[in-house]
Amino acid sequence: MSDFNSDLPLSARAMAARPAPYLDGLNPAQRQAVDTLDGPVLMLAGAGTGKTKALTARIAHLLNSGRAYPSGILAVTFTNKAAREMKLRVGGYLGEAVEGMPWLGTFHSISAKLLRRHAELVGLKSNFTILDSDDQLRLLKQLLVAANIDDKRWPARLLASIIDQWKNRAWRPDQVPSSEASAFNNRGTEFYAAYQDRLKTLNACDFGDLLLHCVTIFQAHPDVLQSYQQRFRYILVDEYQDTNVAQYLWLRLLAEGHKNICCVGDDDQSIYGWRGAEVGNILRFERDFPGAVVVRLEQNYRSTPHILAAASQVIAGNEDRLGKTLWTEARAGEKVRLIGHWDGEEEARWIGEQVEDLSQGTRGLNPFSLNQMAILVRASHQMRAFEDRFLTIGMPYRVIGGPRFYERMEIRDAMAYFRLAVSPGDDLAFERIVNTPKRGLGDKAQQTIQRIARANAVPLVQGAALAIEAGEIKGRGAAQLRALIENIARWHSAVGTTGMVEAEDDLVEVIRPEGDAQNHIELAEQILEESGYTEMWLNDKTPEGPGRLENLKELIKALESFENLQGFLEHISLIMENDSDDTEAKVSIMTLHGSKGLEFPVVFLPGWEDGLFPSQRSMDESGLKGLEEERRLAYVGITRAEQLCTISFAANRRVYGQWQSQMPSRFVDELPAAHVEVLTPPGLYGGGIAPVASTIEERAQRADVYNSPGWRRLQTATERPVSQPREARNMVIDGTSAPAFEVGARVFHQKFGYGRVTLVEGDKLFIEFEKSGPRHVVAKFIVPAEQADDVPF
DNA sequence: TAAGGCAAACTTTTT
DNA sequence: GTTTGCCTTA
């Protein structure tokens with residue numbers, strides 16, 4: 001069935017006659033974004049300004065006005081989740097009439113679809129396999145081993161990331177500029193070329209290739225490009241600020257003819273620079289597409305004014321931005337709350353209590369469901385403290401974006417078996433599972449197979465068969481290998497004749513109904529049984545064993561929504577998600593990156609400490625650019641909150657097993673005091689930590705967060721422009737706080753023990769600890785040694 | 001060849 | 001503190 005038949009045009013005239021429902025409830029800016037159908041449009045959509053609404057209304061408008069068929073609209077998103085949501089919402093506008101848009105999807109899935117049609121133009125066959133980063137890494141490792149490279153000094157991971165970056169910039173091996181020649185010990189380009197060759201022989205491509213090959217085809221075959229330019233009359237792009245150079249070229253080439261391209265994005269939410277995203281793409285849109293209409297969506301429907309003000313003030317610290325002013329009609333609500341804690345565990349404990357309280361409505365607010373609350377962290381390792389805490393108090397939680405389902409070892413192993421069943425020539429899959437479960441085929445046997453396969457220019461399975469014939473593999477291993485080879489052959493024939501077929505109209509991919517081939521679900525189960533894979537985990541005595549079996553069951557269940565194994569494998573390589581359908585209300589724990597596009601009534605933002613957030617690494621690697629990206633991350637975090645936003649930091653944190661004292665994040669300084677309420681941790685600092693506090697008031701004052709460096713900096717910061725250099729602000733602070741300790745004083749720190757002060761810098765003390773060596777520590781957490789015994793811990 | 005023990009490296013974020 | 005990978009031994 002072609003999509004021309006399935007998506008019969010809705011009558012344009014009929015639509016024009018009655019008021020278009022999708023235009024209802026749009027504000028003027030949204031309205032403009034929806035109405036300006038022709039020519040380039042840049043929709044600058046701040047957080048929570050109804051961007052998806054405008055985007056879907058625009059699609060609906062294109063369809064209903066009769067300007068485009070569903071198949072004539074190219075709508076690109078970054079994530080499958082976003083694609084799914086848009087599909088759903090467009091469907092909502094148009095009802096059953098439109099069966100769906102064939103070209104609504106992620107960059108990668110659409111590219112894969114295009115590439116399957118024109119694979120031969122880049123030397124691939126249309127049934128190429130898509131490798132994930134794991135496969136990619138193994139391949140590179142092989143190359144490096146073959147070239148006798150010391151993996152210690154020049155790890156495959158490094159090469160992988162170099163190649164990725166190059167692909168993100170749309171450089172093919174011969175296009176890598178000479179400025180990069182020194183990469184990977186001067187051999188980067190050489191290995192890049194070798195890797196691409198290897199991929200071609202394997203009839204495979206990685207994620208970056210999906211885009212890059214498309215660009216190559218478009219550039220080298222104007223006829224192909226032109227046919228798609230004509231097909232895609234209207235182009236929409238979501239999250240434009242996240243596009244990399246390859247994606248940018250991809251879009252530009254396709255839009256070149258009619259220039260009906262609408263890009264939606266928010267430069268303030270560009271948080272994927274490390275992955276090759278170029279904020280520059282959105283910043284220079286107007287130059288790329290002269291005459292572009294720029295629409296700013298600035299009315300925020302999500303957050304209260306306090307939250308919005310806090311977010312705006314923070315992001316104002318960035319230089320490179322197009323600038324937007326978010327506003328809202330919502331009533332004031334609660335201020336953003338700020339709280340400092342002793343350490344990470346205390347922070348987790350406190351948040352746990354807050355979640356508990358909020359879920360019961362103890363705070364005088366209506367109770368929130370756990371589903372309405374989220375904890376957003378900078379780095380995934382921060383999640384553990386919360387998991388630990390929530391487990392002990394029995395708080396239901398859900399970790400979003402952890403290790404993904406399809407990246408788990410057992411799932412990938414099982415998939416490798418499926419891949420072999422579908423295409424026995426899949427060498428990567430074969431390598432992965434020859435000896436899983438153990439079949440007595442170690443390195444030596446595998447090398448023999450490789451050698452023989454290469455000598456005869458056949459896939460590994462055949463090479464293995466030849467190796468047995470030639471008697472090069474003997475004994476126990478040989479018998480098991482023979483069984484494996486026979487199994488693969490049998491599974492392959494059981495897979496049957498189903499497959500993807502090109503219809504006459506090259507627009508459609510049709511899956512031929514299964515013939516007498518075996519039910520693919522049973523087959524999958526059978527494969528896992530006969531290979532001994534299930535048994536392997538049954539006999540496994542590690543605590544993970546049962547979980548892995550559970551996951552395998554899940555995998556089999558996932559097969560149900562596909563017609564056959566091929567279809568499953570095709571989709572799974574691109575859809576790496578794991579949405580377990582649980583009905584129980586749970587608090588969400590996720591990274592800030594993972595939270596983009598989501599919103600929650602209650603948001604906790606823990607770990608606002610310099611080095612952790614902003615992350616030291618991104619500042620080291622990318623300097624000011626890195627810091628600005630971190631700041632955008634802070635902006636994203638705050639703007640996830642609808643009603644209640646709580647930022648926290650801890651003075652001490654364990655970083656790979658070592659206690660470290662932490663400084664509050666510089667972003668804490670940048671919060672506007674007028675919109676922030678500083679909370680005092682109950683009873684935490686009340687007990688005489690402060691060295692020279694004698695009166696009760698003094699103690700109380702010293703005890704709370706008002707006295708913390710972060711808070712003082714916060715107050716100083718709000719008195720002067722945020723753009724003022726950090727150094728200058730620190731000088732002011734240094735002047736205001738007299739050091740309470742002198743160099744040479746013997747002191748005590750609760751985590752680090754006894755030490756001697758070697759240097760005083762305002763609030764920061766450098767201390768030579770007797771046990772843990774030199775560190776810099778905030779004065780607040782230091783007690784003169786003679787008082788150490790009084791400290792109530 | 002496989003399993004177990006020990007050292008080292010490591011922690012950003014992921015389509 | 002954890003994981004990974006290398007090395008030793010059965």
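By convention in this document, chain letters (A, B, ...) are assigned in the order of the sequence lines, proteins followed by strands, and residues within each chain are numbered from 1. Everything quoted here is computed from the prediction, not taken from an experiment.
B:dT14 atom P lies 21 Å from atom CD1 of A:Ile130, rounded to whole Å. Rounded to a whole Å, the NZ atom of A:Lys81 is 10 Å from the P atom of B:dT15. Rounded to whole angstrom, the span from the CD atom of A:Gln136 across to the P atom of B:dT15 amounts to 14 Å. Between A:Asp242 atom CG and B:dT15 atom C1' there is a gap of 10 Å when expressed in whole angstrom units. The nearest whole Å value for the distance from the CD atom in A:Gln616 to the C1' atom in B:dC10 is 16 Å. Counting to the nearest Å, the P atom of B:dT15 and the CG atom of A:Asp209 are 18 Å from each other. Rounded to an integer number of Å, the gap from CD1 of A:Ile400 to P of B:dT15 is 13 Å. Going from atom CG of A:Asp134 over to atom P of B:dT15 covers 15 Å, rounded to whole Å.
Listed by chain and number, the residues in a salt bridge (Lys or Arg N to Asp or Glu O under 4.0 Å) with A:Lys596 are A:Glu239, A:Asp242 (sequence neighbours excluded). Residues passing the side-chain hydrogen bond (donor to acceptor under 3.5 Å, both in side chains) test with A:Ser111, sequence neighbours excluded: A:Trp250. With sequence neighbours excluded, the residues satisfying salt bridge (Lys or Arg N to Asp or Glu O under 4.0 Å) with A:Arg631 are A:Glu670. The salt bridge (Lys or Arg N to Asp or Glu O under 4.0 Å) check on A:Glu535 picks up nothing, with sequence neighbours excluded. With sequence neighbours left out, A:Glu472 forms a salt bridge (Lys or Arg N to Asp or Glu O under 4.0 Å) with A:Arg451. Residues meeting the side-chain hydrogen bond (donor to acceptor under 3.5 Å, both in side chains) test with A:Tyr417, sequence neighbours left out: A:Arg439.
Residues A:Phe78 and A:Tyr272 are not in side-chain contact: their nearest non-hydrogen atoms beyond the backbone lie 4.5 Å or more apart. Taking the side chain as every heavy atom from C-beta outward, A:Asn318 and A:Asp268 never approach each other to under 4.5 Å.
For the side-chain hydrogen bond (donor to acceptor under 3.5 Å, both in side chains) condition, the pairs that include at least one residue of residues 162-172 of chain A, sequence neighbours left out, are A:Gln136-A:Asp164, A:Trp166-A:Glu180, A:Lys167-A:Gln196, A:Lys167-A:Asp206, A:Lys167-A:Asp209, A:Asn168-A:Asn244, A:Arg172-A:Gln175, A:Arg172-A:Thr216, A:Arg172-A:Gln219.
Between A:Thr79 and B:dT14 there is no side-chain polar atom (N or O) within less than 4.0 angstrom of OP1 or OP2.
Annotation: of the two residues near DNA chain B, A:Glu621 and A:Phe78, the 5′-most nearest-nucleotide partner is A:Glu621.
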Q. How would nucleotides 1-10 of chain C be written as a contact map, 5' to 3', with B for base contact, S for sugar-phosphate-only contact and - for no contact, using protein heavy atoms under 4.0 Å?
A. BS--S-----

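Looking at heavy-atom distances under 4.0 Å, A:Thr591 makes contact with sugar-phosphate atoms alone, never a base.
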Under 3.5 Å, N/O pairs linking protein and nucleotides 2-6 of chain B:
residue : atom : partner  : partner atom : Å
B:dA2   : OP1  : A:Gly440 : N            : 3.0
B:dA2   : OP2  : A:Asn435 : ND2          : 3.4

